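Below, each value reflects all heavy atoms present in this structure, side chains not excepted, and no hydrogens, waters or symmetry copies. In this text the structure is predicted, and so the values were computed from the model without any measurement.
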Amino acid sequence: MAFMYKTCLLVLALVLLVAVPPFLGLGWQNAMVNVLIASLFALAFNLLIGQAGLLSFGHAAYFGIGAFATLHLMIAVEDGLPLPTPLLPLAGALAGLLIGIIAGYFATMRSGVYFALVTLAIAELFHSLAPHLQGLFGGEAGVSSMRMPWQGMTFGSILEVYYLTLGWALICGLGLWAYTRTPFGRLTLALRDNEQRVRFLGYNAHASKVIIFAISAMVSGVAGALQAISNETANYSLFATDVSAQVVLQTFVGGSTIFFGPIIGATLFTLFSFLISDLTRSWVFYQGLIFVLVMLYAPTGIGGVIQYHIRHWGQLNWARLAGPYAIAVLGGLLVAAGIVYLTETVAVLFGEEYAMRMRADEGALPSYELFGFIWDPAGIFTWIVPVVLLGGGGVTLYRARQRITIFWESMGRKGDAETNSSGAAQ
């Protein structure tokens, strides 16, 4: 039954992904392309951290390598190479695989924090060398090319690029999912849980980790290739640490312990940046805050919380649970409003524009406009608002959390009692 539910959800998601984009505007179509690319990159990254237990801080290296390899192939196609445009991501896959084998061989000689530092150093190596290697990476300007038509498709519209990206994301995503069902996929989990035992069983742990690393780099290269096809350009900034950091944040917020968790995180963060980045320059701060809160209160990520509720769906008393959840949402919104208010207020008061107004007013504190209202920095009401929002929201959230905790603890005791009675009957 659970398999049927999952299959129906996947089919529904696929139908929506195919049918809805033609009715969206260009901005949303472009955002959906970015969601697919970020989701594929996060899935590739999660093969390392979620399944093999290897935390890479430099996966941008393989994403960038895939992008540049694809752009060079696009230039060759422009010059007459008879290669269909939909097959361009193969260049990213091959480049990611080759570099992944070499980098993975050295990185997997160590584990834990040393592995993470080696991967970070490799990415920084690419980031520092790329501006100086004009032939490979185009210097600081980068490499550019154009999508060429194929079989009546011009690939001049975002919608055609979207369907090309969707096709590759589905192929690679299904490939990674099938990988988890193979014996080598089970060995990957065993490496995460107890590498020493894997060695005792006679497996070559180092060779296995190199293969896992290379597969992850290969799929990351495909994601980079799709980025190159979408943007038709790339420069050395693709190797920057913020690209590696983004995929780490997206994977952990979505949930690294379940297969589809990284897709949730990538979708959330990509749409968040699409919707919020035009409204405030503090959107990166909000992303970081979301990451901290998720790690503190939902270490398994949003996907882990959803999976936990689906697993206990039949036992949940929603008549008792709906109220505390609604109050928790209300408390969360109040706290969020207070944080946004304080963040934007600080951004205004410590901004260059406000400093110029202070100098013009000879040191006085001029009023400022925020959220459609005029605020006085020296006024009591200006600072009472965030105190009320944060205090009221915090108390509401705390009480709701207490009620939710009591409910889940009673669920746990009920489950233990049922288990004990079943064991006694046997």
Side-chain angles (χ1 to χ4, degrees), residues 28 31 34-35 38 42 242 245-246 248-256 261-309 318 321-351 354 368-377 379-408:
W28 274 99
N34 292 332
V35 165
D242 63 314
Q246 275 291 323
V248 174
L249 297 184
Q250 291 168 1
T251 302
F252 279 97
V253 167
S256 62
I263 297 177
I264 297 172
T267 303
L268 175 68
F269 271 21
T270 306
L271 293 181
F272 184 85
S273 64
F274 171 67
L275 295 170
I276 306 300
S277 60
D278 288 338
L279 301 177
T280 173
R281 286 180 291 184
S282 305
W283 65 278
V284 177
F285 168 77
Y286 296 130
Q287 276 196 353
L289 195 59
I290 291 171
F291 174 74
V292 171
L293 292 175
V294 169
M295 289 300 97
L296 284 176
Y297 298 104
T300 56
I302 297 171
V305 173
I306 294 173
Q307 186 187 46
Y308 190 77
H309 282 75
W318 283 105
L321 204 52
Y325 273 13
I327 295 172
V329 169
L330 175 63
L333 289 174
L334 289 173
V335 171
I339 291 173
V340 170
Y341 177 91
L342 276 181
T343 304
E344 298 304 321
T345 298
V346 169
V348 169
L349 295 181
F350 288 90
Y354 192 79
Y368 61 95
E369 184 178 357
L370 188 65
F371 306 123
F373 297 96
I374 303 297
W375 304 88
D376 178 10
I380 296 177
F381 186 71
T382 302
W383 302 107
I384 285 180
V385 170
V387 171
V388 170
L389 288 172
L390 289 173
V395 171
T396 306
L397 202 55
Y398 177 76
R399 292 193 173 181
R401 191 182 176 202
Q402 280 185 319
R403 292 176 62 185
I404 293 169
T405 302
I406 292 171
F407 175 83
W408 282 106

- Task: Show the numbers, then the answer: is there a side chain to side chain contact (heavy atoms under 4.5 Å, CB included) between Val335 and Leu389?
- Result: CA-CA 6 Å; Val335 171; Leu389 288 172; over 6 Å; no

- Message: Assess the residue pair Ile404 and Tyr325 against the criterion (side chain to side chain contact (heavy atoms under 4.5 Å, CB included)); give the C-alpha distance rounded to whole Å, side-chain angles, the decisive distance to 0.1 Å, and a yes or no.
- Response: CA-CA 7 Å; Ile404 293 169; Tyr325 273 13; 3.3 Å; yes

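Pro324 and Ala400 make their closest contact through O-CB, 3.6 Å (heavy atoms, listed as atom of the first residue, atom of the second, distance). Scanning both residues, Val348 and Tyr354, for their nearest heavy atoms gives O-CB, 3.1 Å. Residues Ser282 and Ala347 share a closest heavy-atom pair of OG-CB, 4.3 Å. Of all non-hydrogen atoms in Ala298 and Val305, the two that sit nearest each other are CB-CG2, 3.8 Å.
Between Tyr308 and Trp408, the distance from one ring center to the other falls under 6.0 angstrom.
Crowding of Tyr398 atom OH: a count of heavy atoms from other residues, nucleotides or ligands under 6.0 Å not exceeding 12. By the 6.0 Å contact criterion, CD1 on Ile374 is enclosed, its count of non-hydrogen atoms from other residues, nucleotides or ligands being greater than 12. Residue Phe371 qualifies as enclosed at atom CZ: its count of foreign heavy atoms under 6.0 Å is above 12.
The side-chain heavy atoms of Val292 and Tyr297, taken from C-beta on, include no pair separated by under 4.5 Å. Residues Ile327 and Arg399 are not in side-chain contact: their nearest non-hydrogen atoms beyond the backbone lie 4.5 Å or more apart. Using a 4.5 Å heavy-atom cutoff, the side chains of Phe285 and Thr343 are in contact. Put simply, the side chain of Leu370 reaches to within 4.5 Å of the side chain of Tyr368, judged on heavy atoms. Side-chain contact between Tyr341 and Val346 is absent, with no heavy-atom pair separated by less than 4.5 Å. Residues Pro377 and Thr382 have side chains not in contact (no heavy-atom distance under 4.5 Å, counting atoms from C-beta outward). Residues Phe269 and Val253 meet the side-chain proximity criterion, which asks for heavy atoms closer than 4.5 Å.
Atom CG of residue Leu397 and atom CG of residue Leu390 lie 11.5 Å apart, to the nearest 0.5 angstrom. Distance check, rounded to the nearest 0.5 Å: CZ of Phe350 to OG1 of Thr345 gives 11.0 Å. Atom-to-atom distance recorded for Leu275:CG and Thr270:OG1 is 10.5 Å, nearest 0.5 angstrom. Expressed to the nearest 0.5 Å, how far CD of Gln250 lies from OG of Ser256 amounts to 13.5 Å. For the atom pair CG of Leu330 and CG of Leu333, the computed distance is 6.5 Å after rounding to the nearest 0.5 Å. Here the OH atom belonging to Tyr286 is positioned 9.0 Å from the CD1 atom belonging to Ile276, to the nearest 0.5 angstrom.
Classified by interplanar angle (parallel below 30°, tilted 30° to 60°, perpendicular above 60°), the ring pair Phe373/Trp375 is perpendicular.
Under 3.5 Å, the side chains of Gln287 and Ser273 contain no donor-acceptor pair of N or O atoms.
By the side-chain contact (heavy atoms from CB on, under 4.5 Å) test, Pro299 pairs with no residue at all, sequence neighbours left out.
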